[in-house]
Amino acid sequence: MPPHRWTDETRDTSCYYGNLLARSSSDADDDDTEPDADADDERGALCPGDTPLIPGAEDDAAGGDCLQTRHIFGLMGFLGFGVVYAMRVNLSVAIVAMVNQTAIPQQLYNGNSSIPDNDTCPLPGPNQTMPNRYWPHSVAAATQGEFVWDEATQGLVLGSFFYGYVLTQVPGGRMAELLGGKRIYGYGVLITALFTLLTPLAAHIDLPLLVLVRILEGMGEGVTYPAMHAMLAHWIPPLERNKFAAIVYAGSNIGTVISMPLTGWLCSQEFLGGWPSAFYIFGVLGIVWFGCWMYLVYDKPSEHPRISRKERAYIERALQLPQEDETESEAETRHSDAIPWSSLLTSVPLWAILLTQCGQSWAFYTQLTELPTYMSNILHFDIQSNAMLNAIPYLTSWFMGIACSALADWLLARRYISQLNSYKLWNSISSLIPSLGLIGIIYVGCDWVWVTFMLAGVGSFGGAVYAGNQMNHIALSPRYAGTMYGITNSAANICGFLAPYVIGLIINHRETLTQWHIVFWLAVGLNVAGNFIYLMFASADEQSWSLRSTGSGNETGSANGNAAAREVSAASRQTLSI
């Protein structure tokens with residue numbers, strides 16, 4: 001039955017979830033309960049301050065099962081992001097082994113003189129002993145790879161993935177909203193895997209063909225994030241969303257942690273030709289994952305054949321999703337709503353999210369695609385040590401992301417902070433503290449211990465972004481969360497090909513500390529500027545164009561059908577404010 005309209009808008013939202021859970025079983029079995037009696041029960045169900053977020057969820061919401069259906073969905077989403085990120089970043093490490101460094105023209109300083117000794121990290125001579133902090137591992141020898149690509153060409157190869165990646169963000173989000181996120185997310189990973197398998201062949205045939213394969217691979221992966229965002233809006237209650245999304249999206253960190261050192265090790269072996277094996281192994285893993293995903297995951301709780309009735313009722317009531325008694329015409333009307341493009345593109349809070357994501361993405365892709373080159377050419381690490389050190393920051397960022405998101409949910413449930421202030425706090429942490437880490441790299445110079453600390457210690461706070469702007473799209477408009485995330489993520493990932501290209505132009509055969517310091521200062525400036533704009537213009541309120549009905553003949557029905565959802569949304573904002 002449709003939920004009642006509560007008048008007490010000051011109660012704790014977490015208690016609301018608890019009430020829904022307690023009522024899910026009785027409501028599912030007894031549709032003849034008197035509305036007034038139910039309403040009185042709801043008005044009187046005020047919880048003490050120490051009530052947990054989901055009281056008894058383990059026992060009640062899933063019929064006593066510890067592993068609930070939405071947890072399986074989260075696990076598969078986590079593994080999916082792990083696989084696609086492994087396929088995305090392995091080229092950043094493999095390219096060090098692919099390129100013949102000795103064939104690249106000698107580095108010049110200002111075009112006409114040798115590089116000053118104090119602008120590079122020293123190499124030990126045959127009889128020279130260096131401090132351990134400079135040479136903890138073997139020194140990287142000049143690689144004798146198959147391809148003669150200068151820094152600009154390498155930047156083109158590394159950035160080509162993102163040409164395709166940005167093209168499918170918005171279409172991917174909209175298709176997930178209309179067709180369901182399961183197929184869009186699944187086929188996105190599958191396409192990425194197939195073109196990953198073709199990467200070594202394309203590289204051996206022709207450089208333009210390699211660029212084309214990477215673009216097509218990016219198009220496949222481009223739908224994954226907006227599709228997952230659309231699925232989270234259907235599966236995860238609001239007060240579980242920060243922590244749940246942090247775990248799911250943290251698969252990208254784990255994929256990077258596994259891919260980087262494994263790729264470095266594979267490149268040093270003879271198995272399947274060395275560096276090509278990294279593309280073959282991860283491509284096969286992507287195909288295996290696809291088969292499991294298509295069997296285990298469904299678009300919505302109402303479509304899942306193995307979900308318990310109690311867990312389904314809990315999720316649908318918490319999210320105010322349509323119940324079983326929704327008519328076919330109502331469902332068609334809900335799916336046929338046209339996107340309010342003019343409202344989306346003129347939404348100031350959406351632009352705030354977009355700009356801060358651009359700043360964070362520039363810093364992220366500077367680290368993701370260029371630090372392996374920095375470690376090799378500046379700090380002189382061999383490829384295995386290089387890959388291992390570059391993987392550590394993503395592991396620490398994963399832990400920090402989950403910890404920050406759990407803390408954010410706890411603060412919200414306790415009403416210690418408003419939803420808007422929570423977004424701003426954690427977005428600032430994820431932008432400013434890692435920026436300090438990049439500045440630290442500039443000042444510690446060639447000391448690998450401090451470089452590692454700045455990346456893995458200070459930089460780990462970038463994981464707080466999941467409790468920052470990443471969930472803000474759903475707050476602005478649950479209906480168009482996938483499309484909105486596609487817009488912002490598409491703009492942000494333009495940095496994926498701009499950053500390597502611009503960095504290649506900055507370096508331009510001058511592998512010096514001075515040139516790399518310019519690279520790091522540029523990333524810091526963009527990151528901080530984006531966060532400042534977000535602090536000024538961010539919002540946590542569902543926008544009027546999201547609440548407003550669209551489509552002919554739908555205004556009256558929407559007013560009746562969405563009344564409870566609007567009231568709960570307003571109540572949630574009120575109870576979470578301080």
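Interatomic distance, W362 CH2 to L522 CG, rounded to the nearest 0.5 Å: 5.5 Å. Between atom CZ of residue R312 and atom CZ of residue R70 there is a gap of 14.5 Å, rounded to the nearest 0.5 Å. Note: S477 OG to L350 CG = 9.5 Å, rounded to the nearest 0.5 Å. The NZ atom of K424 sits 10.0 Å away from atom CG of N472, with the distance rounded to the nearest 0.5 Å. Rounded to the nearest 0.5 Å, atoms CE (M471) and CD1 (I236) are 10.0 Å apart. Separating the CG atom in L411 from the CD1 atom in I417 is a distance of 6.0 Å, to the nearest 0.5 Å.
With T346 contributing its side chain and S342 its backbone, the two residues share a donor-acceptor pair below 3.5 Å. With hydrogens and angles ignored, the 3.5 Å screen pairs no side-chain donor or acceptor of W235 with any backbone N or O of H71. Side-chain N or O atoms of W289 include one that pairs as donor or acceptor with a backbone N or O of M76 at under 3.5 Å. When atom types are taken as modelled, the side chain of S397 and the backbone of P393 share no donor-acceptor pair closer than 3.5 angstrom. E311 places a side-chain N or O within 3.5 Å of a backbone atom of T69 that can act as its donor or acceptor partner. Of the possible donor and acceptor atoms, one in the side chain of N493 sits under 3.5 Å from a partner among the backbone N and O of N489. A distance-only check finds no donor-acceptor pair linking the side chain of K182 to the backbone of D299 [under 3.5 Å]. The main-chain N or O of S343 is never found under 3.5 Å from a side-chain atom of S347 such that the two would form a donor-acceptor pair.
Checked against side chain to side chain contact (heavy atoms under 4.5 Å, CB included), S435 has the following partners two or more places apart in sequence or in another chain: V524, N527, V528. Y187 is linked by a ring-ring contact (aromatic ring centres under 6.0 Å, His included) to F290, counting only residues two or more places apart in sequence or in another chain. In this structure, the side chain to side chain contact (heavy atoms under 4.5 Å, CB included) partners of L354, at least two apart in sequence or on a different chain, are W351, C358, I487, T488, A491. Legend: residues meeting side chain to side chain donor-acceptor pair (under 3.5 Å) with Y185, ordered by chain and number and at least two apart, are absent. Residues passing the side chain to side chain contact (heavy atoms under 4.5 Å, CB included) test with S460, sequence neighbours excluded: T396, M400. Remark: T483 engages E177 in a side chain to side chain donor-acceptor pair (under 3.5 Å) (not counting sequence neighbours). Judged as a side chain to side chain donor-acceptor pair (under 3.5 Å), and not counting sequence neighbours, the contacts of Q360 are N427, S430, S431, N469. Every residue two or more places apart in sequence or in another chain was checked for a ring-ring contact (aromatic ring centres under 6.0 Å, His included) with W521, and none qualifies. A search for side chain to side chain contact (heavy atoms under 4.5 Å, CB included) contacts involving S428 returns L432, N531, L535, not counting sequence neighbours. Applying the side chain to side chain donor-acceptor pair (under 3.5 Å) test to S539 and every residue at least two apart in sequence or in another chain returns nothing.
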Review point. Would W426 and Y466 count as a ring pair (Phe, Tyr, Trp, His ring centres under 6.0 Å) if you check the C-alpha gap in whole Å, the side-chain angles of each, and the deciding distance to 0.1 Å?
Key: CA-CA 8 Å; W426 296 110; Y466 300 114; over 10 Å; no

Practice item. Could you please spell out the steps behind the side-chain contact (heavy atoms from CB on, under 4.5 Å) verdict for L498 and I494? Key: CA-CA 6 Å; L498 281 183; I494 292 176; 3.5 Å; yes

Exercise for review: Could you check W293 against L79 for side-chain contact (heavy atoms from CB on, under 4.5 Å), going step by step and ending with a plain yes or no?
Suggested key: CA-CA 10 Å; W293 169 266; L79 294 175; over 6 Å; no

Practice item. Show the numbers, then the answer: is there a side-chain contact (heavy atoms from CB on, under 4.5 Å) between F537 and T356? Key: CA-CA 11 Å; F537 300 108; T356 192; over 6 Å; no

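Using a 4.5 Å cut-off on side-chain heavy atoms (C-beta onward), W410 and Y416 make contact. Put simply, the side chain of Y314 does not reach to within 4.5 Å of the side chain of R309, judged on heavy atoms. In this structure, V248 and F81 have side chains that are in contact, with non-hydrogen atoms separated by less than 4.5 Å. Here the side chains of L438 and M454 are not in contact, with every heavy-atom distance at 4.5 Å or above. Proximity of L344 to M484: side-chain heavy atoms (C-beta onward) are separated by under 4.5 Å at one or more points. Taking the side chain as every heavy atom from C-beta outward, R183 and M294 approach each other to under 4.5 Å. Side-chain contact check for F73 versus H304: every heavy-atom pair is 4.5 Å or farther apart. The shortest side-chain heavy-atom distance between F244 and S405 does not fall under the 4.5 Å cut-off.
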Give every donor-acceptor pair under 3.5 Å between a side-chain atom in residues 218-225 and any protein atom, sequence neighbours left out.
from: E221; atom 1: OE2; to: R88; atom 2: NE; distance (Å): 3.0
from: E221; atom 1: OE2; to: R88; atom 2: NH2; distance (Å): 2.9
from: T224; atom 1: OG1; to: E221; atom 2: O; distance (Å): 2.6

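What you find for Q543 and P349 is that their closest heavy atoms are OE1-CG, 4.1 Å. Residues A352 and A538 share a closest heavy-atom pair of CB-N, 4.1 Å. Taking every heavy atom of both residues into account, S259 and V89 meet most closely at OG-CG2, 3.6 Å. Annotation for S252 and Y85: closest pair CB-CD1, 3.3 Å, computed over non-hydrogen atoms. The two atoms that bring Y534 and I353 nearest to each other are CE1-CG1, 3.9 Å, heavy atoms only. A pairwise comparison of heavy atoms in C404 and A467 identifies O-CB, 4.4 Å as the closest pair.
Ring geometry, Y165 versus F162: the interplanar angle exceeds 60°, so the pair is classed perpendicular (tilted spans 30 to 60°). Classified by interplanar angle (parallel below 30°, tilted 30° to 60°, perpendicular above 60°), the ring pair H473/H229 is perpendicular.
Side chains of E542 and S546: a donor-acceptor N/O pair is present below 3.5 angstrom, by distance only. Inspection of the Y485 and Q470 side chains reveals an N or O donor paired with an N or O acceptor under 3.5 Å.
The local environment of CZ in F532 is sparse, with at most 12 non-hydrogen atoms from other residues, nucleotides or ligands closer than 6.0 Å.
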